[in-house]
Amino acid sequence: MDFTDGMQQASLPLGLSFGLAMDEKALNNYAKMTEYEKEQLLAKSKSVKSKDEMQQLIQKISDGVL
C-alpha cells in the first residue's frame, strides 16, 4: 500500500504505514489531509523514537487532532 499520494520520493516510515493500515479512521483522516499536512506529519513521524510514541501519533491522526 502506497501512502505517498504523489509526494516526490517520500515514503512513510514503516511504523506509520503499519499504524495507518491498522486504523481505518486514521487512514481516512490521512487521506483527507492536504499535501502540506502530510509533509508535516512525515516530519513528525521521523522524529518518533518508540512504538508508544508512534501509537500516540496514530491516535492523534485517528482523532483528527493533526
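Every heavy atom of this structure was used, including side-chain atoms; hydrogens, water molecules and symmetry mates were not.
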Are the side chains of Leu12 and Leu41 in contact, using a 4.5 Å heavy-atom criterion? no
What are the two closest non-hydrogen atoms of Leu20 and Leu27, and how far apart are they? O-CB, 3.5 Å
Please identify each residue that fulfils side chain to side chain donor-acceptor pair (under 3.5 Å) with Asn29, with sequence neighbours left out. none
Quick one: closest heavy-atom pair of Lys32 and Glu37, and the distance? O-OE1, 4.5 Å
Which residues share a side chain to side chain donor-acceptor pair (under 3.5 Å) with Ser62, sequence neighbours left out: Asp23
Shortest non-hydrogen contact from Lys38 toward Met33: CE-O, 3.5 Å
Throw together a table of side-chain donor-acceptor distances under 3.5 angstrom for residues 47-58, partners on residues two or more places apart or in other chains.
{"from": "Ser47", "atom 1": "OG", "to": "Lys44", "atom 2": "O", "distance (Å)": "2.8"}
{"from": "Ser50", "atom 1": "OG", "to": "Glu53", "atom 2": "N", "distance (Å)": "3.1"}
{"from": "Glu53", "atom 1": "OE1", "to": "Lys49", "atom 2": "N", "distance (Å)": "3.2"}

Can you see which heavy atom on Leu42 is nearest to which on Pro13, and at what distance? CD1-CD, 3.7 Å
